[in-house]
J.: 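Below is one structure. I have some questions about it.
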Amino acid sequence: MGWTAHDLSSGNTPPAFRPPTAHSTEATQNVVYQGFTLGQGGNGSLHLLYWSQGTWLYGGDFTQPNFVGAKKAYQFTELASYFFSGARSQHINYTGEDHHIHEIRFDSDGWHTSDLSAKAHAPVPVLDGPSAMEHAGLQHVFYRGNDTHVHELWSDVAGWHWRDLTTLTGAPPVHIDTPVGYVFQRQATRHVVYVAIGEYVGGHVHELWRDSAGWHDGGNLNAITGAPVLAAGRPTGYAFEAQFTQHVFYRGTDGHIHELRWGTDTGGWHYWGNLTATTGAPQAKGDPYGYVFVPQDTQHVLYLGIDDRIHELWWDETGWHHNDLAARTGAPRPGSDPVGYVFGFRKDTQHVVYTAEDRRIIELVWSPVSSALQFLVDVTGEKQADIVAFGHDGVYVARGRGDGKFDPPQRRIAGLGYEDGWRVDRHVRLVGDLTNDGRADVVGFGEAGVYVALAAAGGAFHPPAFVLQDFGYDKGWRVDRHPRFLADVNGDGRADIVGFGNAGVYVALSNGNGSFQFSPVPVLENFGYVKGSWRVEKHPRLLADLRGIGIADIVGFGDKGVWVALGDGQGGFGQPQLVVQDFGYEQGWRVDRHPRLLADVNGDGLLDIVGFGEAGVYVALNAGGGAFHAPAFVLQDFGYNKGWRVDRHPRFLADVNGDGRADIVGFGNAGVYVAFGRTDGGFDFTPVPKLAHFGYAAGWRVDRNPRFLADLRGNGVIDIVGFGDVGVRTALGNNDGTFGHVTLAAPDFGREARAW
């Protein structure tokens, strides 16, 4: 669904003070915040909001004796929380009014509280903090003491311990705010960053880090990197495990968000730039908060802008981008910095939480657009593919940018979705150009009949209109019995409806304005469930222009072979002719084992039959006039005996090298394989993937990850589009049968799409 805003506060939820803390577990989410009293500010109470089975609930005040009886919080404490996977426990850390670090813990026995400073015998009171994390079975809490040193509380099987990291490493004291820690898993190191003493205005970002040999002074990162601006507030940091890099972000004294980056590819720490200036984002009023979204290998930095709006800077393979979350969601004006986290239960989602100006807790959520059906069609008339997806609450469009990427999806039709009663197993939904304006329209076969939403300018659609009281569920049409298609059967350039019903083939001719001419009498008493005994599970039926004259014909793969009924140009069809005594059910061809497709494989401008059989690929070349030559076995691959499966390995026909002949593109176990069409109807093939991606071994599944071939750039070159578990990924064609690197093209449209 993209970014949306939610008010987590309810009528009985106390008002909030300062930023909350938030974290997720395998099955729940938790937000904790300090309460607010007018005229006082923070009142020391600590309140829990928790998510359970899709609903946010108020959990109570931890400081109340009848709940946990936790120590009241210091008014200006930071709040930190995390899920400790080793013990499957949740931990909330804060500075108490006694300036000790306190913990509220949830485990199998419920909620508990303890004084960590006392347990660790920490001698120095807390001035700022804490931040907290877990790593390698240990828990770590960092804070600035009233001696301005960086202190650590850490736990192992022997309990809680304390150490003064500033004294231990000889690093400079803290100038501003709380030290922030993060873990670099692949390097098995821990890191703390903070702003060090040394300047009157602002300070240098300093690093402490630990490996198996102990804690070390990582140095002055501003000096090491040559960063041109000092830090004005608390930094944030994380490791980007996918690239084996570390990233530190801070608000500079110039109000911009700056990035420092460590990587083996660049030989250590470097200044990586002014992100707000680079992306055109507003300057920062508050301090940044960063995290990584692993499902998409993207990086995210949140901050409160000088315009009093929550902003996101996010990185993908193409660089940093800016997102105004207030503009995207209409979220209330913030009164605090934001915090962010990722939730992996059921689907991977991103969450941003902050305290609003009116003291409510606001959540911004990013989730992939849930869609049951996805299409790649041109809805703008710009001759490049756009995404049309039928979602839970309507139809979404992500416009193609012409470079292999897509704009953020927008709901363009408030209807034809799950919430309006549309179901995949009852209601066919298609896209096609009904008006001959070069833009694809939406056609839905609902309960009562046919609904049409005509394309408008800029990727928009007119509201759905009920146009025909037939072809629907109430008239006896069933998905598992009666295929329905859109095709031009009279040569006027407009898509018509062709339905294979009980009594045969029915046609509704497009009037060019979204309505249809229709008589409920079959134009051909064959190819139907009763007339001809055609079955969806046994007999594929296709509509295609076999003669190259702009009129669709019927091609049916029946029991005895291939039957063709030629279109008469008036919306009717001639009598079916058995044109190939092969590719049929009686010859052993099965829908669940053997795809059969139509494409011009020899470059003569006529569509040929290509069948993926047991032993490999068979081709029957088009002989003209609706006839075909006898099938020939042309390639000992892409078949069932070679391990290719309908429920695992999609196969397509498209011209990927620009020679005018259709090639085979197969998504196998190891990636994308290509066989090049020849003028004799055969294929040249080397059994090595052209692209080691989009395959079964990489986690791509037919039932949740559709893959398509489409022209994304309007240049006539075929590209690959895959709907991943989270996000759409593309690989642009090079017009020679190879493809470029895989790119995250749209951070939406996830696997939850096909949940109904």
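By convention here, the first residue in the shown sequence is residue 1. Here the structure is a predicted model, which is why all the values come from computation and not from measurement.
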J.: Can a salt bridge be assigned to the pair D680 and R678 using a cut-off of 4.0 Å between side-chain N and carboxylate O?
T.: yes
J.: Checking the side chain of E241 only, and the main-chain atoms of R186 only, is there a donor and an acceptor separated by less than 3.5 Å?
T.: yes
J.: Tell me every residue that passes side chain to side chain donor-acceptor pair (under 3.5 Å) with R494, counting only those two or more places apart in sequence or in another chain.
T.: D492
J.: When you measure from the side chain of Q410 to the backbone of V397, do you find a donor-acceptor pair of N or O atoms at a distance under 3.5 Å?
T.: no
J.: Let me see the working for F676 and N657 under side chain to side chain contact (heavy atoms under 4.5 Å, CB included), right down to the final yes or no.
T.: CA-CA 8 Å; F676 297 104; N657 61 355; 3.3 Å; yes
J.: Going by the angle between their ring planes, with limits at 30° and 60°, are H300 and Y291 parallel, tilted or perpendicular?
T.: parallel
J.: Would you list the atom pairs, donor with acceptor, under 3.5 Å between side chains in residues 628-637 and any protein atom, with sequence neighbours excluded?
T.:
unit_1, atom_1, unit_2, atom_2, d
D637, OD1, W644, NE1, 3.3

J.: Identify all side-chain donor-acceptor contacts of residues 617-624 below 3.5 Å with residues at least two apart in sequence or on another chain.
T.:
unit_1, atom_1, unit_2, atom_2, d
N622, OD1, G624, N, 2.7
N622, ND2, L546, O, 3.0
N622, ND2, L607, O, 2.7

J.: Can you tell me if CD on Q581 sees more than 12 non-hydrogen neighbours from other groups inside 6.0 Å?
T.: no
J.: Suppose we call two aromatic rings close when their centres sit under 6.0 Å apart. Are H649 and F667 close by that rule?
T.: no
J.: Salt bridge check: are D437 and R439 linked by an N-O gap of less than 4.0 Å?
T.: yes
J.: For the rings on W315 and F240, is their centre-to-centre separation under 6.0 Å?
T.: yes
J.: Determine, for R593 against E614, whether the closest basic-nitrogen to carboxylate-oxygen distance falls under 4.0 angstrom.
T.: yes
J.: Report yes if the side chains of T730 and V742 come closer than 4.5 Å at any heavy-atom pair, otherwise no.
T.: no
J.: Is the F723-F708 ring centre distance short of 6.0 angstrom?
T.: yes
J.: Using the benzene-type ring in the case of Trp, are the ring centres of F445 and H427 under 6.0 Å apart?
T.: no
J.: Verify whether the ring centers belonging to H247 and Y238 lie closer than 6.0 Å.
T.: yes
